[in-house]
Amino acid sequence: MKQKKQVNSRKKRVKRLLCLFFLLAFMVTGYFVYRYYQNDKKQEERFDQLEEIEEERDKKPVPSIIPTEITNPDWIGWLKIKGTSISYPVMQREGDSEYYLHRDFDGNYSFYGTPFLDSRCTVDSNNCIIYGHNINGGRMFGALHAYSSESYYKEHPEISFRAGDEKRKYQIVSVMQTTTSSPVYSFTDVGNWDEYEEYVEKIISGSLYQTEMGKKIRAELEKDTPEEFFRKYQFLTLSTCRSWVGRDARLLVVSVKNCKFPNCPL
């Protein structure tokens, strides 16, 4: 009888400990969910604030002065695709290539991160590579996955990128499903025609479908002399992950602007 009471007593203690454990686990989980939600909300509000500033800058022929509390020397530009949710600051941290991978505009931890330019690039590189997270629900660069559909590309063929004080327009030339080992990631600045031609060919041939700019550039590759075509276009590559396929799987949306005729509407 005594032994039975001891067993029951131990069972009650175990149950109480389990209840306490699950209660603590629930409280800790709730705390982190709350913090995640608050950080998410704070970052969205910051992006909205920055977008308002960007819109004001866009209205004026001479760039307006940025409020002191907004100034960040790592803020190098603004990326926007009209008619989509893509409208974000672009960052680049000297000496730390992935600083903004999990940081917000102000340098605080953020699961979403902030789009950033590859550390090997300048805004005048032959290929500017900008990275952003693929967030569920089409948030951040998750919205780029809609470009897997050719009809979506036809509705949104142009990308705007303010680089410093220069407003640039790029036409989408290729949408690629690839991996981090893709040669496109090696294409930032090239020193000779052969390399340039090889990268351009890979970008066009690797597309999920043929774009209007892809057709135009392929025709120019066949018609133009090396001197005419070499560095004729600057490329802008937006990169995000395809985590459901594999850790190294990526989606690239590649666009171009004419460098030799900067005011040409392409």
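Y185 pairs by the ring-ring contact (aromatic ring centres under 6.0 Å, His included) definition with nothing, not counting sequence neighbours. Annotation: salt bridge (Lys or Arg N to Asp or Glu O under 4.0 Å) contacts of D124 (sequence neighbours excluded): R168. Every residue meeting the side chain to side chain contact (heavy atoms under 4.5 Å, CB included) condition with K215, not counting sequence neighbours, appears here in chain and number order: Q210, E212. Listed by chain and residue number, nothing satisfies the salt bridge (Lys or Arg N to Asp or Glu O under 4.0 Å) test with E98 (two or more places apart in sequence, or in another chain). Under the salt bridge (Lys or Arg N to Asp or Glu O under 4.0 Å) criterion, K154 pairs with E150, sequence neighbours left out. Qualifying side-chain hydrogen bond (donor to acceptor under 3.5 Å, both in side chains) partners for Y147, counting only residues two or more places apart in sequence or in other chains: none. Applying the side-chain hydrogen bond (donor to acceptor under 3.5 Å, both in side chains) rule to E51 yields the partners S87; only residues at least two apart in sequence or on another chain are considered. With sequence neighbours left out, the side chain to side chain contact (heavy atoms under 4.5 Å, CB included) criterion links S186 to Y199. For D104, there are no salt bridge (Lys or Arg N to Asp or Glu O under 4.0 Å) partners two or more places apart in sequence or in a different chain.
Inspection of the Y196 and N126 side chains reveals no N or O donor paired with an N or O acceptor under 3.5 Å. Side-chain contact of Q234 with Y170: a donor-acceptor pair under 3.5 Å is present, judged by distance alone. Side chains of K169 and S160: a donor-acceptor N/O pair is present below 3.5 angstrom, by distance only.
Cation-pi check for R231 over Y233 is not met; the charged atom does not lie both under 6.0 angstrom from the ring centroid and within 45 degrees of its normal. Under the 6.0 Å distance and 45° angle rule, R46 does not count as a cation-pi partner of W75.
E56 places no side-chain N or O within donor-acceptor distance of the main-chain N or O of I53, the cut-off being under 3.5 Å. A side-chain donor-acceptor contact under 3.5 Å links S110 to the backbone of Y112. In this structure, the side chain of S149 does not engage the main chain of A146 through any donor-acceptor pair within 3.5 Å. Between the side chain of Y100 and the main chain of P115, no donor-acceptor pair closer than 3.5 Å is present.
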* Starting from the C-alpha separation in whole Å, work towards a yes-or-no answer on side chain to side chain contact (heavy atoms under 4.5 Å, CB included) for V256 and M213. => CA-CA 8 Å; V256 297; M213 275 306 299; 3.6 Å; yes
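By the 4.5 Å heavy-atom criterion applied to side chains, S205 and R218 are counted as neighbours. Contact of the K223 side chain with the E228 side chain is not registered, since no non-hydrogen atoms from C-beta on lie closer than 4.5 Å. Within the 4.5 Å cutoff, side-chain heavy atoms of Q177 are placed close to those of L208. At a threshold of 4.5 Å between non-hydrogen side-chain atoms, the residues E201 and L221 count as touching. Between D118 and Q92 the shortest side-chain heavy-atom distance does not fall below 4.5 Å.
For residues 202-221, every residue pair satisfying the ring-ring contact (aromatic ring centres under 6.0 Å, His included) rule, not counting sequence neighbours, is listed here: Y153-Y209. Legend: salt bridge (Lys or Arg N to Asp or Glu O under 4.0 Å) pairs involving residues 171-199, not counting sequence neighbours: none detected. Listed by first and then second residue, the salt bridge (Lys or Arg N to Asp or Glu O under 4.0 Å) pairs that reach into residues 236-249 come to none, sequence neighbours excluded.
Ion pair K216/E220 flagged as a salt bridge, since at least one NZ, NE, NH1 or NH2 atom sits closer than 4.0 Å to an Asp/Glu carboxylate oxygen.
In this structure, I130 CD1 and F116 CZ are separated by 10.5 Å, a value rounded to the nearest 0.5 Å.
K202 NZ: 12 or fewer foreign heavy atoms inside a 6.0 Å radius.
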